[in-house]
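Structure first, commentary second.
Only a predicted model underlies this, so the values are computations on that prediction, with no experimental measurement involved. Below, chain A is the first sequence line, B the second, and so on; all start at residue 1.
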Number of protein chains: 2
Amino acid sequence: MTLYESSETCSYLSGSDAIKLLELIHKSLTCEMEDDFTALFPKIQELFPFKFALAMLGQQDNNGMIMLSGANISFPEQWLHESISKNYLQVDAVIKENFTTYEVQHWSVTRKKLFRREDINSLSQDFGMRECYTHGSRPSAGGQNGSMFCFSSTSMKYDMRTVAILEFLTPHLHLAFSHIFENKQAKVNNAVLSSREKEVLNWLKQGKSSWDISVILGISERTVNFHVYNVLQKLGATNRPQAVAVATRLGLIDIG
Amino acid sequence: MTLYESSETCSYLSGSDAIKLLELIHKSLTCEMEDDFTALFPKIQELFPFKFALAMLGQQDNNGMIMLSGANISFPEQWLHESISKNYLQVDAVIKENFTTYEVQHWSVTRKKLFRREDINSLSQDFGMRECYTHGSRPSAGGQNGSMFCFSSTSMKYDMRTVAILEFLTPHLHLAFSHIFENKQAKVNNAVLSSREKEVLNWLKQGKSSWDISVILGISERTVNFHVYNVLQKLGATNRPQAVAVATRLGLIDIG
DNA sequence: CACCCACCTGTAAGTAATGACAGGTGATAA
DNA sequence: TTATCACCTGTCATTACTTACAGGTGGGTG
């Protein structure tokens, strides 16, 4: 049984902790852009101290986790740059552990558990990131992406209060961050098709034939087929059913 | 500016209120079935007293709100029966107000505001439901349904603490209730198509032609068309693109 | 101006899908 | 046993779609 199901987890929290968490969770509901999300972190700092924070969204794959999106709240850019160039993010044991167990981790605890020693990599030490809490959420209904949030500093004691805070907060950070990512993706994808192409696609979804659409739009059937052909090319689809499926997945057309 | 955005809303809450809310919100994240959802309400009763509770999910329509799903937590069955048979749910001003403003309502306050008088309908009075708080969430990204939650009793004072509790709690009740509804719908819809039909549909979505699928499944092309035809009939679609769209909407095939 | 792009249109050949006809098997439930 | 249902198969005529070819218009940008 993880602490998630334990009813005593909140006993580590004070009333003012709980109120701050409530406010944070409430604010997380209305995050639409990355700025809204970033704005949560100063408030998290009021709950427990950290210098650096990082958010990551990943998608499960055959080979492992693929990073979809990262929001660097306050990590040193150089650390990120070196970590990415040296492929640390793909091989790091803590990250693997996160995307396997999705439980709260404390670097020294995890490393002791995995390697039977506590030392961290020199890169992190150079930047004054001697300790770090990480916690993420697993892919769930309504979202197929997993997440990971890092809170790092020179020294962070492992204590149950921080664990409890993360367990209450992380699922909502995950929802907010996923939501922002999907917004962003839909925006990017939205530019792929022209307005006429989206219009045609929306009628296709409704079961209309080329002839139907030509009447609806007041253009020739040939032109409808022309638009459809362009949609197929742009979406990499081989026929109309796939085009509808791809467009739906990319958020280009409404589900309804 | 509504209380939602006010940073002082939580000042009406005690630390123990906040902890109970946190626990409730956390539990709401893992609700998969209606029982899980119903189990939240005894915990809500620890926050503020009420005798009867009701959850409703509705979909915006040209004419108004259509009820999609209701969970009767503890309302008198007879009250519900009479309300439905007398069409109260369609004409009730409080319900209309909920699905317009989506703000916390207190029956006597709302009625005073709308009708300049406080009296309630005799039906509710007969059942000892003299007062009621209602609050819901508007349709949002990732869910097109609005919700309404009622908490009723013989006497409920209007106070800011209860309002604050509802404002913090309701969005999460909404998410949980919507999620349960979608689960239920997907389950119902899932029985509509046979396993072979779903298999064919999933290949259609991938852009495969009838011939492709016949090779993949090791059956004749004619049989693939037979299955597709049955899918079209069952889903009420006129062609493959629409079938893919409908199946996606009903949760019959994965989006990915 | 030249260029790109969204938008529009035509012809035509080949391929795919639709919807009707007809029929057969095997498992499971009344 | 009779019935039902998922599953399977065939033919055939009609309609729809795909993908080439060819081209024209108007708006905006470098």
Between Ser209(A) and dT15(D), is there a side-chain N or O to OP1/OP2 distance below 4.0 Å? no
Check: Asn202(B)/Lys205(B) side-chain N/O donor and acceptor closer than 3.5 Å: yes
Does a nitrogen or oxygen in the side chain of Thr223(A) sit under 4.0 Å from OP1 or OP2 of dC7(C)? no
I want to confirm an ordering. Mapping Glu221(A) and Ser195(A) to their closest nucleotides on DNA chain C, which one lands closer to the 5' end? Ser195(A)
Flag for Asp212(B)-Ser209(B): side-chain donor and acceptor within less than 3.5 Å: yes
Please determine which of Ser220(B), Ser210(B), Ser214(B) meets the side chain to side chain donor-acceptor pair (under 3.5 Å) test together with Asn225(B). Ser210(B)
Could you say whether Lys208(A) or Leu217(B) is positioned toward the 5' end of DNA chain D, judged by the nucleotide with the nearest heavy atom to each? Leu217(B)
Measure from CD on Glu197(A) to P on dA6(C) and round the result to the nearest Å. 7 Å
Atom CG of Leu204(B) and atom C1' of dC17(D) are separated, to the nearest Å, by 14 Å
Side-chain contact check for His227(A): nearest option of dA16(C), dC7(D), dC7(C) is dC7(C)
What verdict does the side chain to side chain contact (heavy atoms under 4.5 Å, CB included) test give for Arg196(A) and Thr223(A), after you've listed the backbone C-alpha separation in whole Å, the side-chain angles of each residue and the deciding distance to 0.1 Å? CA-CA 11 Å; Arg196(A) 206 56 157 173; Thr223(A) 306; over 6 Å; no
CE-CD distance between Met148(A) and Glu97(A), expressed to the nearest 0.5 angstrom: 10.5 Å
Rounded to the nearest 0.5 Å, what separation is found between the OG atom of Ser178(B) and the CG atom of Leu68(B)? 9.5 Å
Quick one: is dT9(C) close enough that its OP1 or OP2 comes under 4.0 Å of any side-chain N or O from Ser220(A)? yes
How long is the line joining CD1 of Ile219(A) and C1' of dT25(D), in whole Å? 15 Å
Anything under 30° is parallel, anything over 60° is perpendicular, the rest tilted; go ahead and classify Phe37(B) against Phe149(B). tilted
Take atom CG of Asn230(B) and atom P of dC7(D), then tell me their distance rounded to the nearest Å. 9 Å
Nearest-nucleotide wise, let me know which of Arg196(B) and Trp211(A) is further upstream toward the 5' end of DNA chain D. Arg196(B)
How would you summarise protein contacts on nucleotides 18-27 of chain C per nucleotide, using B for base, S for sugar-phosphate only and - for none, with heavy-atom distances below 4.0 Å? BSBB------
